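Worksheet for the structure shown next.
Along the sequence shown, residues carry numbers from 1. These numbers come from a predicted model, not from an experiment. Just so it is clear, the values below take in all heavy atoms, side chains as well, and ignore hydrogens, waters and symmetry mates.
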Amino acid sequence: MGLFKRNPFGHILFIKTWLIRVFGALTHRRYRGFNQLHIDGSEIIRSLPDKNVLFISNHQTYFADVVAMFHVFNASLKGREDNIRNIGYLWRPKLNIYYVAAKETMQAGLLPRILAYVGAITVERTWRSGGKDVAEHERKEVNFNDTENIKIALEDGWVITFPQGTTRSFKPVRKGTAHIIKQHKPIVVPIVIDGFRRSFDRKGLRLKKKGILQSFIIKEPLQIDYDNETIEEIVEKIEYAIEQHPSFLKVIPQDEIEEMQELDRQRQWNY
């Protein structure tokens, strides 16, 4: 790799490599130490092509979710079987991994700007601004440069997106993700995460609680008829795949809540 070789967005790969190594080393114990990350499906990661793969996931924190994905993807590609042991997997990380993030989030301070260099495709959210939903008549027009950048990223490698566009559970999946799927026909791999909201603050920067069992489930790629399925059908398929369809909502009985709390206490003692 040339010292000043760049990716399609102009980022110097040598700098990106070292950012991944440094931030990976700083964050590793958040998923293997203070807390424990349970992974399922790493063999699916190894079976994927190098380009035109779209990962769709539910969203629980601004940054911790994406950082975990960089760990899991690189560990899986280096032969780790559903674990992130031995951080040596980050010495030669996969550099063509990108993630879609809100522009306002990635410009809010020095640290987010540095993290953006690792692979953020920043987009302007038309439906949300300043942490609040925007009325339909006040929404901005879609910035077509944003969708073009996602196309460029897919042509170069893997793209991570959170199709709900928010860390709130069971919010609607945005149709923009379905349009991207129909237009660019990527392999679509669902991921379902849990435990991150209990482990970290909303931004995913501050460790809030130790001893939480985090889960990271990688599912088989979706079967999609790109030409004949409608946008609405693809949206529904995404909602089911990332387990955010309204049918997943249910009232949890009190005894189940108490059982989960007791399990968390036991895990905390184990650590």
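- Here the side chains of His38 and Leu213 are in contact, with some heavy-atom distance below 4.5 Å.
- Checked by atom type, the side-chain pair Thr27/His71 shows a donor-acceptor distance below 3.5 Å.
- Side-chain atoms of Ser169 and Gln244 form no donor-acceptor pair, as typed in the model, at a separation below 3.5 Å.
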> Does the pair Asp65 and His59 meet the rule for a side-chain contact (heavy atoms from CB on, under 4.5 Å), with working shown?
Replying inline: CA-CA 7 Å; Asp65 308 4; His59 203 17; 2.9 Å; yes

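- Annotation: side chain to side chain contact (heavy atoms under 4.5 Å, CB included) contacts of Glu155 (sequence neighbours excluded): Lys151.
- Taking the six-membered ring where the residue is Trp, the centroids of Phe63 and Phe200 are separated by 6.0 Å or more.
- Counting heavy atoms from C-beta outward, Phe170 and Glu243 have side chains that stay 4.5 Å or more apart.
- Looking at Trp158 and Ile45, their side chains come closer than 4.5 Å, going by heavy atoms from C-beta outward.
- A cation-pi arrangement is not found for Lys16 relative to Phe23, the charged atom failing to lie both closer than 6.0 Å to the ring centre and inside a 45° cone about the ring normal.
- For the residue pair Asp82/Ser42, the side-chain donor-acceptor check at 3.5 Å is satisfied.
- Taken from CD1 in Ile234 to OH in Tyr226, the straight-line distance is 8.5 Å, to the nearest 0.5 Å.
- Here NZ of Lys203 is found 9.5 Å from CG of Leu111. Values are rounded to the nearest 0.5 Å.
- Listed by chain and residue number, nothing satisfies the salt bridge (Lys or Arg N to Asp or Glu O under 4.0 Å) test with Lys78 (two or more places apart in sequence, or in another chain).
- Classification of the Tyr117-His11 ring pair by plane angle, with boundaries at 30° and 60°, yields tilted.
- Here the CD-CZ distance, from Glu81 to Arg46, works out to 4.5 Å after rounding to the nearest 0.5 Å.
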